[in-house]
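Notes for the one structure printed next.
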Amino acid sequence: MEWIKLIGIVIIVVGFVLKLDTIAVVIIAGFATALVSGITPVEFLQHLGQAFVDQRLVTIFFITLPLIGLSERHGLKEQAVMLIKKIKGLTTGTFLTIYLIIREVAGLFSIRLGGHPQFVRPLVQPMAEAAAEAKYGAIDEQDQETIKAKAAAMENYGNFYGQNTFLASSGVLLIASTLDSLGYKVSGWDIAQASIPVAVIMIVFGAVQNITYDRKLKKKYTQKGAN
């Protein structure tokens with residue numbers, strides 16, 4: 001009956017499929033796994049609390065959430081949308097490409113600019129949607145979801161490939177120390193130099209994606225307007 005200990009995986013899969021609260025699903029999955037493994041509820045809470053303390057830096061972004069909520073409540077999103085709508089000729093793809101470049105440049109200087117809850121959801125995604133609405137009018141739900149995904153993708157691209165262009169970032173130091181332990185003498189500067197071409201290629205890749213999406217939007221809404 002050892003397989004019963006995998007019940008946590010089943011709970012997580014079901015919870016994600018049903019789009020339930022992520023944190024609640026993970027905690028319930030952990031609690032169920034603990035019970036079938038012979039761990040008491042008190043021991044489970046002790047392990048959970050210790051893990052939270054050990055990884056407390058991971059949850060530091062919670063501090064920023066009240067600030068983001070207050071900013072949204074007092075019109076930050078609306079002002080950002082109005083600004084984008086005033087810029088004539090700006091397309092969704094162009095805006096997202098600009099954000100990708102800014103995100104990678106920020107990574108080069110180790111500036112913590114982005115983040116999905118702090119920046120993308122309240123600002124980047126609404127601004128990208130506003131660019132499409134300023135050009136084509138109201139867009140359908142499918143395109144809203146696509147733009148939301150593309151905004152998140154630009155954040156991931158810029159963060160993942162931009163952070164290693166800074167010679168003292170944690171990723172660069174980890175790579176350098178790992179290679180050093182294997183007998184390869186490299187410095188953080190060597191890793192950063194090797195990462196810059198990859199970051200540039202990512203900008204080109206993201207720009208091509210965004211240009212292609214702009215063309216799809218133009219074709220779709222031009223045909224709708226003609227009909």
Side-chain angles (χ1 to χ4, degrees), residues 16 19 21-23 57-166 169-171 199-218 220-221:
F16 285 3
K19 296 182 179 181
D21 184 85
T22 303
I23 296 177
L57 290 178
V58 177
T59 59
I60 198 169
F61 76 92
F62 283 120
I63 298 175
T64 67
L65 292 183
L67 176 61
I68 297 299
L70 286 172
S71 298
E72 283 202 62
R73 183 176 180 180
H74 288 85
L76 175 64
K77 182 192 296 184
E78 287 76 10
Q79 291 300 320
V81 169
M82 288 174 61
L83 173 63
I84 289 297
K85 287 186 176 181
K86 290 179 181 178
I87 303 176
K88 295 181 179 180
L90 182 66
T91 64
T92 298
T94 302
F95 172 75
L96 290 176
T97 300
I98 292 172
Y99 177 69
L100 173 60
I101 294 172
I102 293 174
R103 193 66 181 83
E104 290 208 2
V105 172
L108 177 64
F109 294 100
S110 193
I111 300 173
R112 303 304 299 170
L113 174 67
H116 292 282
Q118 306 100 317
F119 206 75
V120 176
R121 183 62 184 88
L123 282 177
V124 177
Q125 179 248 319
M127 293 169 78
E129 279 188 26
E133 290 172 355
K135 197 170 184 65
Y136 305 112
I139 58 176
D140 58 33
E141 184 178 354
Q142 180 182 357
D143 287 316
Q144 290 176 358
E145 293 298 318
T146 301
I147 292 173
K148 185 186 298 184
K150 286 188 174 294
M154 294 305 113
E155 165 66 21
N156 291 339
Y157 293 165
N159 179 49
F160 187 83
Y161 292 97
Q163 63 181 332
N164 284 349
T165 58
F166 179 63
S169 70
S170 57
V200 172
I201 291 172
M202 189 65 250
I203 290 176
V204 174
F205 178 79
V208 170
Q209 278 191 326
N210 293 329
I211 291 171
T212 302
Y213 184 64
D214 272 343
R215 291 178 177 175
K216 288 182 179 178
L217 281 179
K218 183 178 181 179
K220 177 178 180 179
Y221 288 98

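Fair warning: this is a prediction, and the values are worked out from it, not measured in the lab.
- Heavy-atom neighbours of Glu145 CD from other residues, nucleotides or ligands within 6.0 Å: above the threshold of 12.
- Shown here are the salt bridge (Lys or Arg N to Asp or Glu O under 4.0 Å) partners of Asp143, two or more places apart in sequence or in another chain: Lys220.
- From Thr92, atom OG1 reaches atom CD of Glu133 across 9.0 Å, with rounding to the nearest 0.5 Å.
- Residue Phe160 qualifies as open at atom CZ: its count of foreign heavy atoms under 6.0 Å is 12 or below.
- Closest of all the heavy-atom pairs between Arg121 and Pro126 is O-CD, 3.3 Å.
- In terms of heavy-atom proximity, Ala132 sits nearest to Ile147 at CB-CD1, 4.1 Å.
- Between the Asn159 side chain and the Glu155 main chain, no donor and acceptor come within less than 3.5 Å of each other.
- Interatomic distance, OG1 of Thr97 versus CD1 of Ile102, reported as 11.0 Å (0.5 Å rounding).
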Could you check Tyr99 against Val120 for side chain to side chain contact (heavy atoms under 4.5 Å, CB included), going step by step and ending with a plain yes or no? CA-CA 10 Å; Tyr99 177 69; Val120 176; 4.0 Å; yes

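- Residues Gly158 and Leu100 share a closest heavy-atom pair of N-CD1, 3.5 Å.
- Atom OG1 of Thr165 sits about 9.0 Å away from atom CD of Gln163, to the nearest 0.5 Å.
- The shortest distance between side-chain heavy atoms of Tyr161 and Ile201 does not fall below 4.5 Å.
- The two residues Phe109 and Phe166 make their nearest non-hydrogen contact at C-CD1, 4.3 Å.
- Annotation: the span from Met154 atom CE to Asn210 atom CG amounts to 4.5 Å, rounded to 0.5 Å.
- Every side chain to side chain donor-acceptor pair (under 3.5 Å) that Thr94 has, sequence neighbours left out, goes to Thr91.
- Rounded to the nearest 0.5 Å, atoms NZ (Lys150) and CD (Gln125) are 13.5 Å apart.
- To the nearest 0.5 angstrom, Asp214 atom CG is 11.5 Å from Lys216 atom NZ.
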